[in-house]
Amino acid sequence: MRTLLPFRRPLAYAFHYYAFPLGILAEHPEAEDWVLSNYIHVVANEAAPLPFTFQIYDYSISPWLEVLRLNREWCTAHDDITKIVRDAVSLGFYVYLTLNERYVPERMAYQGQTDYAHDILIRGVDDQKDTFDIVGYDFQQRFRCTDLPQEDLSTAYHNTGPDSFYDVPLTMYRYNPLGSYGFDISFIARSIGEYLDSYDISRHFQALCGPEGGVHGMESYGLLEHYLDSYGRGMVEYDIRRLQVLWEHKRLMVARMRRCADFVPEVGDLMTAYQRVERLAWTLRTMMIAHSTGHAGGDFQTEAKTVLDDIRTTEQSVLAAFVTCLEAAPQRGGGLHK
C-alpha cells in the first residue's frame, strides 16, 4: 500500500495541535473563509503549559473536517496500533496521536536515554519503504515531513516511559468535501472588537466549561513585554514560540483583511499599515533568534521593547479602523457572503 494524504505547511504552525488541522485545510481553498473567521483571539497565561497561544474552543472542530477520537485505553485494548493507523490512512484519515520521540527518527530525543512523549501527525503509509509519513518538528526544529518505520510505531506508542505526560486523544481527521461556511464580515468585526477589548471568548462557551483564565487580546502584550524583559535580563530561558505565535497572528490578520477587502474595498486602504505590523512581528522574532545564537548586536532588552510597543500601538489603531469599515458594510448590503 502507498497512500500519501495531502498536507501543506499552514499560515500558523507554532504548535502541533492547531498546525495539523490547519495544514490539512491548507490544501483546500474552499476552507479558507472558515480559517480566517477563526484564529483571531489569543490568550496569555504564564502558569499554563502554553504561555501564549491562539484561543479557540476546540482546535479540531471545522465544517470541513470529519473527526473521530479514541483514548489510549481503547487503543491499547485493541492491541494493534499499527493496524488501527494503517486502516485509518487507507480510509483517508490523518492520524494525530502521542508517541515517545525516543523511538521516532529525526527527533531530538531519538535513541537517547530520555523519554519524550510528544504529539505527531501521520499522513501516509509506504509499504515499499515500510514506513509511515509523519509531520512535525524535527531535531533541528524544522516543521516538515519525515519517515517513521512501521515496526517502531507500536514501541513509540505503548512505551511512553514512567513520567506523566499530556496525552492527546488519538484523533482521526478526514477532509469533508460537503463542508460549507459563509464568510460573515459582521462576525469578523465583532470578533476583532472583542480582541481589541481583551475579552475572554471562553465565556461564550460557559455552558460547557468554565472561563479559561489568563489575559486576552490586546492585554496579552503586557505579558509578552514582561517575558522579553525577563529573557533579556537572563532570568528566563529562551523560548521562541511566543513570538512565533505573535507573528502568526499578524500573518493571519493580513490574510483576513485581504479577504474582507473583496467585500469592503475601504479595507484595502489599511493593508499597507497592517503589513508593516506583520513585518515588525517577524523582525522581533528574528531579533530574538539572533540574540539566542550570539549574533545580535545592541541592547536586546531596549530594542525588543521598542519594536513590541510599535506593534501594539499600530495594531490598536489599524484594527480599530478595520472594525469601523466592517461595521459600516451591512448598511451597504454587506454581511454574510458565500
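A quick note: this is a predicted structure, and the numbers were derived from the prediction, not measured. One-based numbering along the sequence shown.
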Ionic contact status for R242 with E46, cut-off 4.0 Å: yes
Write down the atom of [X], the atom of [Y], and the distance for their closest heavy-atom approach.
X    : Y    : value
V264 : C325 : CG1-O, 3.8 Å
Y173 : V67  : CD2-CG2, 3.9 Å
Y17  : F54  : OH-O, 3.8 Å
S62  : L25  : OG-CD1, 3.8 Å
G193 : V323 : N-CG2, 4.0 Å
A12  : L22  : O-CD1, 3.9 Å

Under 30°, 30 to 60°, or over 60°: which ring-plane class applies to [X] and [Y], parallel, tilted or perpendicular?
X    : Y    : result
H28  : Y175 : parallel
W34  : Y181 : perpendicular
F20  : Y96  : perpendicular
Y231 : Y238 : tilted
H118 : H16  : tilted

From [atom1] ([X]) to [atom2] ([Y]), nearest 0.5 Å:
X    : Y    : atom1 : atom2 : result
D33  : W64  : CG    : CH2   : 8.5 Å
R174 : Y94  : CZ    : OH    : 11.5 Å
F15  : L50  : CZ    : CG    : 4.5 Å
H41  : H216 : NE2   : NE2   : 10.0 Å
L4   : R123 : CG    : CZ    : 4.0 Å
R102 : T155 : CZ    : OG1   : 11.0 Å

Any side-chain to backbone donor/acceptor pair from [X] onto [Y]? Under 3.5 Å, distance only.
X    : Y    : value
T324 : A320 : yes
R107 : Y137 : yes
T293 : A290 : yes
T76  : E73  : no
T146 : E106 : no
E248 : Y13  : yes
R256 : L36  : yes

Test log, rule side-chain contact (heavy atoms from CB on, under 4.5 Å), inputs R258 and Q275: CA-CA 10 Å; R258 185 176 293 115; Q275 286 171 330; 3.5 Å; yes
Between [X] and [Y], is any side-chain donor less than 3.5 angstrom from a side-chain acceptor?
X    : Y    : value
E303 : H291 : no
E315 : Y195 : yes
N100 : D115 : yes
T314 : D310 : yes
R72  : T98  : no

In this structure, would [X] and [Y] fall into the same cluster of hydrophobic residues linked by side-chain contacts under 4.5 Å?
X    : Y    : result
L65  : I56  : yes
M235 : Y227 : no
I240 : W282 : yes
F187 : V42  : yes
I61  : I201 : no

Non-neighbouring partners of [X] that pass side chain to side chain donor-acceptor pair (under 3.5 Å), sequence neighbours left out:
X    : result
D58  : S60, R69
R142 : D138, Q140
D87  : K83

Is there a side-chain contact between [X] and [Y], using heavy atoms and a 4.5 Å cut-off?
X    : Y    : answer
S202 : C209 : no
Y57  : L208 : yes
R312 : L224 : no
E101 : Y110 : no
L246 : L308 : yes
Y274 : M253 : yes

Candidate pair R276 and V318, rule side-chain contact (heavy atoms from CB on, under 4.5 Å), full reasoning: CA-CA 11 Å; R276 178 176 174 273; V318 176; over 6 Å; no
Nonpolar side-chain network containing F93, other nodes, edges under 4.5 Å: M1, L68, L70, W74, I81, I84, V85, V89, L91, V95, L97, L99, V104, I120, I122, V125, F132, I134, L148, L153, Y157, L170, M172
Residues that, via side-chain heavy atoms closer than 4.5 angstrom, fall in one hydrophobic cluster with V215: L223
Chi angles and distances behind the side-chain contact (heavy atoms from CB on, under 4.5 Å) call for R259, I188: CA-CA 11 Å; R259 177 60 170 147; I188 300 293; over 6 Å; no
Stepwise ring-ring contact (aromatic ring centres under 6.0 Å, His included) test for Y103 and H158: CA-CA 11 Å; Y103 306 104; H158 293 296; over 10 Å; no
Chi angles and distances behind the side-chain contact (heavy atoms from CB on, under 4.5 Å) call for I192, I40: CA-CA 7 Å; I192 294 174; I40 292 172; 4.1 Å; yes
Counting neighbours of [atom1] on [X] that are heavy atoms of other residues, nucleotides or ligands and sit closer than 6.0 Å, is the number greater than 12?
X    : atom1 : value
Q141 : CD    : yes
Q128 : CD    : no
M271 : CE    : yes
H226 : NE2   : no

Criterion salt bridge (charged side-chain N to carboxylate O under 4.0 Å, His left out) on D127 and R86, from CA distance to verdict: CA-CA 10 Å; D127 283 342; R86 286 177 56 87; 2.6 Å; yes
For R2, salt bridge (Lys or Arg N to Asp or Glu O under 4.0 Å) partners two or more places apart: D126, D133
